[in-house]
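By convention here, the first residue in the shown sequence is residue 1. Only this structure's heavy atoms are used, side chains among them; waters, hydrogens and symmetry mates stay out.
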Amino acid sequence: MTLASSRLLFVGCGNMGAAIINGIIAQYPDAEIVGVDPTVDRARSLLKRPDRVMLCQSLDDVKGERFDIAVLAIKPQMFAQAADEIAHLTGQAVTISIMAGLKTTTLRQKLESDRVVRTMPNLAAEIGDAMTVCFAEPRFISEEDRVRVTELLECIGSVEWLSNEADIDKATAISGSGPGFVFAIAETLIDAAVAEGLEPEVADRLVRQMLLGSAKLFAATRKSATELKVAVASPKGTTEAGLSVLENEKALARLMSQTVKAAHTRARELGD
């Protein structure tokens, strides 16, 4: 069975759920998709082709139906109260969770199904450039299941399967939360540029394009981040002067380590 011929259920059609649906429809316009979200109007506004999705307000609206793939795109705190209802719909399905922190053992127990895949995409799913990490117990997931999950998630970007479930929480702190950290850096760069006298609109454009170009270069080259940093920093030049502040007594390294550790800790707490 291919993704195009599968019946898909999305529990939660917020930003991430809608982004995945949009990616699927762009590549598989005839896919049969049912979305459940209490705020149907908001969900509809996030979908590029709402006419291609059957939207429902409650799980009761699809009670008794069966699906091939179910995507759980709700907040982890909401899962416990909805688990029983979801289980009635996902018994025969491969279930994909994008709920931060929730372990596969918890998902299997609550859903009374072993065919569960834990994943974590990021915000770039909105433009088809997400980095999604996945984990599933090999003894519970067939090769066909794995192919279909990969096929689905590749609709929004790149996919990386992990062999250790604990690595999901670590990856969440990097690729999942990472865009927030990058946007925080962009925000401070824009503010710094304005403080130096640039117009806010000019500063905004410069930072956006600088980040875009830097990311493309990083993705296109085999050079390490360290090598690229050195390439930019001419001896006694402007970049070297700036880096001397950023790297003074490893201040940036210490701050970023603390940032990632806090995100990692929170991911583990959500699972507990």
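- Panel note: side chain S175, backbone A171; a donor-acceptor pair is recorded below 3.5 Å.
- If you run side-chain contact (heavy atoms from CB on, under 4.5 Å) between L55 and each of D41, L47, I33, only L47 comes through.
- Listed here is the closest heavy atom pair of N122 and A130: OD1-CA, 3.3 Å.
- One distance of note links CG of L8 with CD1 of I24; it measures 5.5 Å at 0.5 Å rounding.
- Counting only distance, with no hydrogens or angles, the side chain of S142 and the backbone of D145 share a donor-acceptor pair below 3.5 Å.
- From Q27, atom CD reaches atom CG of L152 across 10.0 Å, with rounding to the nearest 0.5 Å.
- Ionic pairing of D169 and R118 is present here: one or more N-O contacts between side-chain nitrogen and carboxylate oxygen are shorter than 4.0 angstrom.
- A 6.0 Å sphere centred on CD of E227 holds more than 12 heavy atoms belonging to other residues, nucleotides or ligands.
- Residue-environment remark: CZ (R66) exceeds the threshold of 12 foreign heavy atoms within 6.0 Å.
- Under the rule for a side-chain hydrogen bond (donor to acceptor under 3.5 Å, both in side chains), R146 has no partner lying at least two apart in sequence or in another chain.
- In this structure, the side chain of R42 does not engage the main chain of G14 through any donor-acceptor pair within 3.5 Å.
- I98 and P121 get closest at one heavy-atom pair: CG2-CD, 3.7 Å.
- The hydrophobic cluster containing V117 does not contain I168, counting ILVMFWY residues as joined when their side-chain heavy atoms lie under 4.5 angstrom apart, directly or transitively.
- Side chains of T104 and E137: no donor on one and acceptor on the other come within 3.5 Å.
- With hydrogens and angles ignored, the 3.5 Å screen pairs a side-chain donor or acceptor of N22 with a backbone N or O of K48.
- Hydrophobic clustering places M120 together with L162 (ILVMFWY residues linked when any side-chain heavy atoms are closer than 4.5 Å, directly or through intermediates).
- Here Q258 contributes atom CD and T265 contributes atom OG1; the two are 11.5 Å apart, rounded to the nearest 0.5 Å.
- Under the 4.5 Å side-chain contact rule for hydrophobic residues, L46 and I20 do not share a cluster.
- Taken to the nearest 0.5 Å, the NZ atom of K216 stands 12.5 Å off from the CG atom of L211.
- With sequence neighbours left out, the side chain to side chain contact (heavy atoms under 4.5 Å, CB included) criterion links A184 to no other residue.
- With respect to the salt-bridge test (charged N to carboxylate O, under 4.0 angstrom), the residues R148 and E151 do not qualify.
- The shortest side-chain heavy-atom distance between T150 and W161 falls under the 4.5 Å cut-off.
- L189 is not connected to L255 by any chain of hydrophobic side-chain contacts under 4.5 Å among Ile, Leu, Val, Met, Phe, Trp and Tyr, and they are in different clusters.
- Of the residues listed (T39, V71, D37), the one engaging C13 in a side-chain contact (heavy atoms from CB on, under 4.5 Å) is D37, and it is the only one.
- Shown here for S113 and G91, the closest heavy-atom pair between the two residues is OG-O, 4.3 Å.
- Under a hydrophobic-cluster definition in which Ile, Leu, Val, Met, Phe, Trp and Tyr are linked whenever side-chain heavy atoms come within less than 4.5 Å, directly or via other members, V159 and V133 are assigned to different clusters.
- No more than 12 heavy atoms of other residues, nucleotides or ligands shown are found within 6.0 angstrom of CD on E112.
- Once rounded to the nearest 0.5 Å, the distance linking CG of D204 with CD of E199 reads 12.5 Å.
- The CD atom of E126 lies 7.5 Å from the CE atom of M16; values are rounded to the nearest 0.5 Å.
- Think of L198 as one node in a network of Ile, Leu, Val, Met, Phe, Trp and Tyr side chains linked at under 4.5 Å; its network also takes in V202, L206.
- D191 meets the side chain to side chain contact (heavy atoms under 4.5 Å, CB included) test with E187; sequence neighbours excluded.
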Determine all donor-acceptor pairs shorter than 3.5 Å in which one atom belongs to a side chain in residues 230-252; sequence neighbours excluded.
| residue | atom | partner | partner atom | Å |
| --- | --- | --- | --- | --- |
| E240 | OE1 | K236 | N | 2.8 |
| S244 | OG | A241 | O | 2.5 |
| E247 | OE2 | K229 | NZ | 2.8 |

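- At a threshold of 4.0 Å, the pair R7-D68 does not count as salt-bridged, since none of the basic side-chain nitrogens sits closer than that to a carboxylate oxygen.
- The hydrophobic cluster containing L111, built from Ile/Leu/Val/Met/Phe/Trp/Tyr side-chain heavy atoms closer than 4.5 Å, also comprises L9, V11, V34, V36, M54, L59, V62, F67, L72, I74, M78, F79, I86, L89, M99, L102, L107, V116.
- Side-chain atoms of S257 never come within 3.5 Å of backbone atoms of A253 as a donor-acceptor pair (strictly under, hydrogens ignored).
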